[in-house]
Amino acid sequence: MRLLSLSSYSQCRRTLLRAPAGSWTTLVSLSLRRHRSGGSPRPNPRPRSDEGSRKPISPGPLLADANITPPYRIPKVDPNNIVPFFEDQVQYWSSLQWLPQRLQDFGIPPEEVRPLVTAFVCAVTSGELSTREEHHKYVLSRFAQVDDEDRLHHIDVLYTTILFCWASQPEQVQRLQSAGLSTDTVYRIQALVDAADLSFPAEEFTTARKLHRKFIMHVGPTNSGKTHNALRALAAANTGVYAGPLRLLAHEIWERLNRGQIIPAGIEEEENVITDDTDSALDVAVAHKQENLKYARACNMHTGEEHRIVEDSAPLSACTVEMLDTVRHYDVAVIDEIQMIGDSERGNAWTTAVLGVCAKEIHLCGEETAVPVIQALLKETGDELVVQRYERLSPLYVQEETLNGDWSKVQKGDCIVTFSRGNIFKLKREIEKKTPFRCAVVYGRLPPEIRSEQAALFNDPDSGYDILIGSDAVGMGLNLKIRRVIFQATSKYTGVREAALSISQTKQIAGRAGRYGLHGKDSPGGYVTSLLPESIAHIQEALDAPPQPLSVAYVGVGSRRFQKLSHALPPDSSPQTILAASYYISCLPIYLRHEDMLKKKYHLVCQQLVDTHIDAMTAQDISMFLLSPLPVHDEAASQIVKRFFQAYQEKMSVDLWECMSDSPLVANLDAIERLQTEGKTKGITSVKLQQLESLHKAMVLYLWVCFRRPVSWHSLEDVIALKERLEKALDWALQAMTKLQPGRDSESDLRRRREEKDKLTYLHGFEERLVRAQLRGDS
């Protein structure tokens with residue numbers, strides 16, 4: 001057992017609750033939480049109704065407050081004057097019209113809401129919470145992190161968190177009772193704070209806390225080769241795992257490890273000559289294209305929608321970050337794109353991976369921006385950290401001469417980046433009209449398989465698809481031979497307003513140009529320019545600017561904490577209320593922030609999908625669905641998913657075709673397949689393409705749940721078959737929307753070559769093990 005230092009013991013937190021007179025003393029007398037204790041949470045003695053009887057409640061203003069703009073506007077927070085701001089604005093916060101209803105939803109009786117808030121306001125305005133000790137306890141420095149774009153909402157969250165944290169302190173019991181709060185209400189506040197507490201998030205991963213882990217960060221810009229050494233360490237490990245942001249990346253690692261295309265660490269590498277046909281989606285190719293069974297390692301793959309098992313006991317695995325197993329022990333773990341720990345919608349998966357993965361040696365690959373927040377997280381765990389920095393392998397040049405608004409000036413190998421799906425197809429039509437080139441397209445809504453196919457068309461010098469048009473996510477998980485990146489604009493709509501691209505966003509997009517080794521030895525590097533001259537200054541300034549460190553990592557609501565909160569709240573609380581309680585009550589350290597659940601995914605999930613079919617769902621089911629890839633921003637796909645939920649609720653059986661027999665999305669697929677059979681392309685529009693994308697999203701959700709609830713979600717073969725139909729239809733529809741060039745048939749040639757390559761993919765189970773043994777000459 002690893003001995004704890006004296007400083008570790010000093011972080012232990014003991015809260016002794018002084019028991020006032022009253023019946024509540026039979027419920028609780030002692031709450032004990034220890035840093036790195038690994039102890040089980042305090043059982044809740046309060047009786048609970050049956051899980052299945054939970055009924056949804058009206059959300060009221062609980063989640064809608066961020067969109068309300070009162071006449072008074074809260075001033076901007078001065079980081080040097082946080083305490084005066086905190087004391088001055090509490091009175092206004094206490095008068096917000098939605099506050100009483102929120103507190104009632106959290107279990108505070110209506111008649112006790114005002115006494116509770118008044119006592120808190122008096123404590124704040126009198127300076128009781130402004131001392132140095134209290135400043136640290138309540139993390140008042142978080143006020144300096146408030147986003148100007150949504151200032152009122154974030155300040156509302158901070159005040160509510162501090163209110164509950166303050167009211168849960170043992171020394172406030174007598175004051176609150178004197179103000180008119182019952183002992184049951186005081187206990188409920190303490191139970192809520194205990195259930196929601198995230199002051200020491202590493203405590204949730206007790207197995208990892210028993211290990212001494214070594215972290216090695218490989219950080220650098222795009223096209224710096226930062227994944228190279230990490231993957232070689234993985235290939236040499238007895239046991240190990242790769243976790244990346246996309247299924248495409250997990251699939252590539254799975255394929256390369258099984259084929260022996262990654263040379264293990266400790267073995268001298270030959271000169272790594274990267275040829276033009278190197279098919280790697282990694283930051284830089286890490287091995288030769290040719291297979292070498294001498295280095296082959298059995299590796300399984302696990303993603304949300306696909307499991308590929310080479311051997312039941314394979315020592316290596318590749319997965320998406322959300323699928324990373326934090327219980328299994330590994331020698332080496334590689335976590336890719338670590339800067340996504342600062343992503344407001346997916347960052348929780350990276351935070352969980354860093355805190356929870358049980359590996360002796362952990363390699364984090366990504367941008368320099370992630371270093372400070374990783375240092376803060378690992379200071380909490382006591383693990384070792386080594387940072388290795390990399391420089392870009394090929395130069396990147398800014399071309400001051402822009403296109404001056406003329407798309408006829410595009411050249412072979414150009415990638416145009418725009419920020420809306422509608423713009424992508426508009427530019428495709430315009431460029432194909434003005435130039436002899438055809439355009440491949442890559443954007444977020446496209447299924448990974450189709451994105452990969454479009455990338456292959458762009459990379460093939462004989463395909464005729466010489467221009468790529470994509471969104472700001474272009475390049476992640478794809479091998480793209482981009483010579484020049486052209487910004488259609490340097491601002492994008494954020495959902496609230498038009499905002500300039502951040503330094504990090506600009507660097508990421510521009511860095512995709514001139515990838516090392518993909519353009520031959522004569523290529524001097526990559527180029528970046530813009531459609532209009534006024535955008536060049538922003539691009540140049542962003543590329544010259546030093547990396548801006550991430551200020552926070554994001555956390556979500558795991559199933560364990562979700563269940564604890566459901567027991568601390570009133571018995572009829574909806575998932576929406578449970579999530580809101582975590583968001584408003586959790587005490588977080590300065591370097592953590594909640595995933596943006598209220599404005600984005602969780603608000604829509606709870607309001608549109610889960611709350612309407614909640615009656616028969618357990619807490620485990622609810623938390624599972626909230627972590628699933630629900631198409632919350634796609635109304636057409638959401639309608640199908642609602643049918644899935646309804647069938648699950650009413651029958652505990654989700655038959656695919658019973659749920660979709662009359663779906664207009666299926667009718668659209670049938671119509672497109674008829675057009676394909678008849679060879680008619682004039683009927684294909686971007687709207688029909690979008691309907692195919694929506695149906696594909698619903699199938700991805702079904703597959704995700706099917707792997708977790710295979711008995712109830714039992715149409716696996718039907719879903720796989722429909723998904724394949726969709727991908728073929730999407731591929732054909734994209735080609736149908738491209739102008740014809742007589743004499744070119746490279747698409748069919750390319751597809752034939754890819755099919756031949758697919759025949760070489762690995763056999764499963766015993767057949768593959770037999771082939772591997774025969775090739776190696778084993779008995």
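Since this is a predicted model, take the numbers as computed values, not measurements.
- H218 pairs in a side-chain hydrogen bond (donor to acceptor under 3.5 Å, both in side chains) with only one of the listed residues (R389, H363, K226), which is H363.
- Side-chain atoms of T351 come within 3.5 Å of backbone atoms of Y554 as a donor-acceptor pair (strictly under, hydrogens ignored).
- A distance of 11.0 Å separates OG in S317 from CE in M301, rounded to the nearest 0.5 Å.
- Side-chain contact check for T369 and Q339: no donor-acceptor pair (N or O, by modelled atom type) lies under 3.5 Å.
- Ring centroid separation for the pair F458 and Y465 does not come in under the 6.0 Å cut-off.
- Between R256 and E252 there is a salt bridge, since at least one side-chain N of the basic residue sits less than 4.0 Å from a carboxylate O of the acidic one.
- Ring geometry for Y159 versus F86: interplanar angle under 30°, hence parallel rather than tilted (30 to 60°).
- Salt bridge absent: E367 and K507 never bring a charged side-chain N and a carboxylate O closer than 4.0 Å.
- Aromatic pair Y242/Y330: ring centres not closer than 6.0 Å.
- For the pairing with H538, the side chain to side chain contact (heavy atoms under 4.5 Å, CB included) check across L543, I503, T490 returns one residue only, T490.
- Of the inter-residue distances, the one linking K428 atom NZ with L734 atom CG reads 7.0 Å to the nearest 0.5 angstrom.
- Between D383 and I362, the closest side-chain pair of non-hydrogen atoms is not below 4.5 Å.
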Inset, instruction - Carefully, step by step, assess T418 and Q488 under the rule side-chain hydrogen bond (donor to acceptor under 3.5 Å, both in side chains). - result: CA-CA 5 Å; T418 187; Q488 184 260 340; 3.0 Å; yes
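- Salt bridge R421/E693: present, at least one basic N to carboxylate O contact under 4.0 Å.
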